[in-house]
Amino acid sequence: LQNIHAKIGQYPDFIHVDIVDTSFALEAKDNKTYRMETIRALWPNREIHTHIMSKYPSRWIAEVLSNSDLVYIHWECDEPLEPILKQIKQAGKKAGIALCMSTAPEKIEKELKNVDAVLLLTIPEPGRSGQKFDMEALVYIEQLNAMQIRGNIRICVDGGVNEKIVSQLKVEDVVSGSS
């Protein structure tokens with residue numbers, strides 16, 4: 001974390017943390033959520049957005065809430081979304097839904113009234129860094145932007161974003177860990 005901080009300093013608008021477990025990506029390593037305390041200390045004036053990549057996000061919520069400002073859980077998880085989103089909001093945090101490209105935008109439209117943000121993973125295999133941006137995501141983003149609820153949510157794109165792609169994204173937030 002110190003090396004990352006030395007490279008990027010206070011430049012980012014927010015800090016994005018991925019919590020990936022083996023229910024979502026078989027090659028996932030053990031998560032050490034205590035490191036989020038260090039992240040908060042290194043970037044005290046930045047929002048921390050935590051993306052829980054798990055089929056069972058409730059397992060991680062208690063561990064990440066104290067050091068997160070926004071928590072994304074996957075629409076594709078194997079637990080009911082509503083109680084988890086409610087728990088996040090009751091803790092005074094923002095709640096978000098993360099989506100894989102394989103989930104059609106119209107499937108999630110009714111859930112958007114319960115969230116502050118949407119995170120779209122724009123790569124073929126979520127959970128692995130360094131993949132190429134899926135250009136179909138531009139159409140997906142257009143569909144999200146056309147939804148009636150759009151004025152009430154933030155959209156974040158994560159995956160394969162580089163300096164050539166970023167100018168094409170009509171979203172508020174962008175995560176780019178490899179570029």
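Please read these numbers as outputs of a predicted model, since none were measured by experiment.
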Participant: Just distance, no hydrogens or angles: give the donor-acceptor pairs under 3.5 Å from side chains in residues 38-50, sequence neighbours left out.
Facilitator:
| from | atom 1 | to | atom 2 | distance (Å) |
| --- | --- | --- | --- | --- |
| Arg40 | NH1 | Arg46 | O | 3.4 |
| Arg40 | NH1 | Asp69 | OD2 | 3.3 |
| Arg40 | NH2 | Asn67 | O | 3.3 |
| Arg40 | NH2 | Asp69 | OD2 | 3.2 |
| Trp43 | NE1 | Gly9 | O | 2.6 |
| Arg46 | NE | Gln10 | O | 3.3 |
| Arg46 | NE | Pro12 | O | 2.6 |
| Arg46 | NH2 | Gln10 | O | 2.4 |
| Glu47 | OE1 | His49 | NE2 | 2.8 |
| Glu47 | OE2 | Lys94 | NZ | 2.9 |
| Thr50 | OG1 | Ser68 | OG | 2.6 |

Participant: Which pairs, with at least one residue in residues 1-13 and sequence neighbours excluded, count as a salt bridge (Lys or Arg N to Asp or Glu O under 4.0 Å)?
Facilitator: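 Passing the test, one end in residues 1-13: no pairs.
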Participant: If you look at every heavy atom in Val174 and Phe14, which pair is closest and at what distance?
Facilitator: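 Here Val174 and Phe14 meet closest at O-CZ, 3.7 Å.
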Participant: Could you work out, with side chain to side chain contact (heavy atoms under 4.5 Å, CB included) as the rule, every residue matching Ala91, not counting sequence neighbours?
Facilitator: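 With neighbours one apart ignored, the set is Leu65, Lys93.
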Participant: If hydrophobic residues (ILVMFWY) are linked whenever their side-chain heavy atoms come closer than 4.5 Å, directly or via other members, who joins Tyr56 in its cluster?
Facilitator: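 Members other than Tyr56 - counting any ILVMFWY side chain reachable under 4.5 Å - there are none.
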Participant: Would Met147 and Ile153 count as a side chain to side chain contact (heavy atoms under 4.5 Å, CB included) if you check the C-alpha gap in whole Å, the side-chain angles of each, and the deciding distance to 0.1 Å?
Facilitator: CA-CA 10 Å; Met147 290 183 175; Ile153 60 169; over 6 Å; no
Participant: Do other residues, nucleotides or ligands put more than 12 heavy atoms under 6.0 Å from Tyr34 OH?
Facilitator: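 Enclosed.
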Participant: Considering non-hydrogen atoms only, spot the tightest contact between Ser54 and Cys77 and give its length.
Facilitator: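 Scanning both residues completely, I find the closest heavy atoms to be O-CB, 3.7 Å.
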Participant: Considering only residues two or more places apart or on different chains, which pairs with a residue in residues 132-145 satisfy side chain to side chain donor-acceptor pair (under 3.5 Å)?
Facilitator: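 Every side chain to side chain donor-acceptor pair (under 3.5 Å) pair that includes a residue of residues 132-145, provided the two are not neighbours, is Asn145-Arg150.
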Participant: Apply salt bridge (charged side-chain N to carboxylate O under 4.0 Å, His left out) to Lys89 and list each qualifying residue two or more places apart in sequence or on a separate chain.
Facilitator: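 With neighbours one apart ignored, the set is Asp116.
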Participant: What residues form a side-chain hydrogen bond (donor to acceptor under 3.5 Å, both in side chains) with Glu63, not counting sequence neighbours?
Facilitator: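 If we apply the side-chain hydrogen bond (donor to acceptor under 3.5 Å, both in side chains) test to Glu63, skipping adjacent residues, the hits are Thr33, Arg59.
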Participant: Look only at the side chain of Ser176 and the backbone of Val161, and say whether a donor-acceptor pair between them is shorter than 3.5 Å.
Facilitator: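 Checked: pair present.
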Participant: Within the 4.5 Å heavy-atom criterion, are Cys100 and Phe24 side-chain neighbours or not?
Facilitator: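 Yes. Closest side-chain heavy atoms under 4.5 Å.
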Participant: Only pairs at least two apart or in different chains count here, so list each ring-ring contact (aromatic ring centres under 6.0 Å, His included) that has a residue in residues 150-172.
Facilitator: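 Not a single pair qualifies under ring-ring contact (aromatic ring centres under 6.0 Å, His included).
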Participant: Taking it one step at a time, do Asp158 and Tyr72 satisfy side chain to side chain contact (heavy atoms under 4.5 Å, CB included)?
Facilitator: CA-CA 12 Å; Asp158 182 1; Tyr72 290 105; over 6 Å; no
Participant: For the atom pair CD1 (Ile108) and CH2 (Trp75), what is the distance rounded to the nearest 0.5 Å?
Facilitator: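 Rounded to the nearest 0.5 Å, the CD1-CH2 separation comes to 8.5 Å.
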Participant: Should Val157 and Leu119 count as side-chain neighbours, where that means a heavy-atom distance under 4.5 Å?
Facilitator: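 No, their side chains stay 4.5 Å or more apart.
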Participant: Restricting to pairs with a member in residues 78-87, which pass salt bridge (Lys or Arg N to Asp or Glu O under 4.0 Å), not counting sequence neighbours?
Facilitator: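 As it turns out, there is no salt bridge (Lys or Arg N to Asp or Glu O under 4.0 Å) pair with a partner in residues 78-87 once direct neighbours are skipped.
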Participant: For a quick test of reading the model, state the closest non-hydrogen atom pair linking Ile73 to Leu81 and the distance between them.
Facilitator: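 Closest approach of Ile73 to Leu81, heavy atoms only: CD1-CD2, 3.6 Å.
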Participant: I need the full list of salt bridge (Lys or Arg N to Asp or Glu O under 4.0 Å) pairs touching residues 95-114, with sequence neighbours left out, sorted by first then second residue.
Facilitator: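 Every candidate salt bridge (Lys or Arg N to Asp or Glu O under 4.0 Å) pair involving residues 95-114 fails, so no pair, neighbours aside, qualifies.
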Participant: Nearest heavy-atom pair of Pro105 and Leu144: which atoms, and what distance?
Facilitator: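 Shortest heavy-atom contact: CB-CD2, 4.3 Å.
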Participant: Determine which pairs satisfy salt bridge (Lys or Arg N to Asp or Glu O under 4.0 Å) with at least one residue from residues 14-24, sequence neighbours left out, and list them in order.
Facilitator: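 Counting only pairs at least two positions apart or across chains, no salt bridge (Lys or Arg N to Asp or Glu O under 4.0 Å) contact touches residues 14-24.
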Participant: Look at the side chain of Lys55 and the backbone N and O of Thr22, then say whether any donor-acceptor pair between them is shorter than 3.5 Å.
Facilitator: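 Not a single qualifying donor-acceptor pair exists.
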Participant: How long is the straight-line distance from CD of Glu76 back to CE of Met53, given to the nearest 0.5 Å?
Facilitator: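 Met53 atom CE to Glu76 atom CD measures 9.5 Å (nearest 0.5 Å).
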Participant: How long is the straight-line distance from CD1 of Ile88 back to CG of Leu70, given to the nearest 0.5 Å?
Facilitator: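 The distance works out to 8.5 Å.
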Participant: Taking only residues two or more places apart in sequence or in another chain, which ones pass side-chain hydrogen bond (donor to acceptor under 3.5 Å, both in side chains) with Arg35?
Facilitator: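 Expected list: none.
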Participant: Check the pair Val175 / Cys156 against side chain to side chain contact (heavy atoms under 4.5 Å, CB included), numbers first and verdict last.
Facilitator: CA-CA 7 Å; Val175 174; Cys156 181; 3.7 Å; yes
Participant: Can you see which heavy atom on Ala95 is nearest to which on Leu85, and at what distance?
Facilitator: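 For Ala95 and Leu85, the tightest heavy-atom pair comes out as CB-CD2, 3.8 Å.
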Participant: Write down the atom of Ile52, the atom of Trp60, and the distance for their closest heavy-atom approach.
Facilitator: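 Between these two residues, the closest heavy atoms are CG2-CD1, 3.7 Å.
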Participant: Could you check whether any side-chain heavy atom of His74 comes within less than 4.5 Å of a side-chain heavy atom of Leu121, counting everything from C-beta outward?
Facilitator: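 In short, these two side chains touch, coming nearer than 4.5 Å.
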Participant: With a 4.5 Å limit on heavy-atom distance, are the side chains of Ile155 and Glu172 in contact?
Facilitator: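 In short, these two side chains touch, coming nearer than 4.5 Å.
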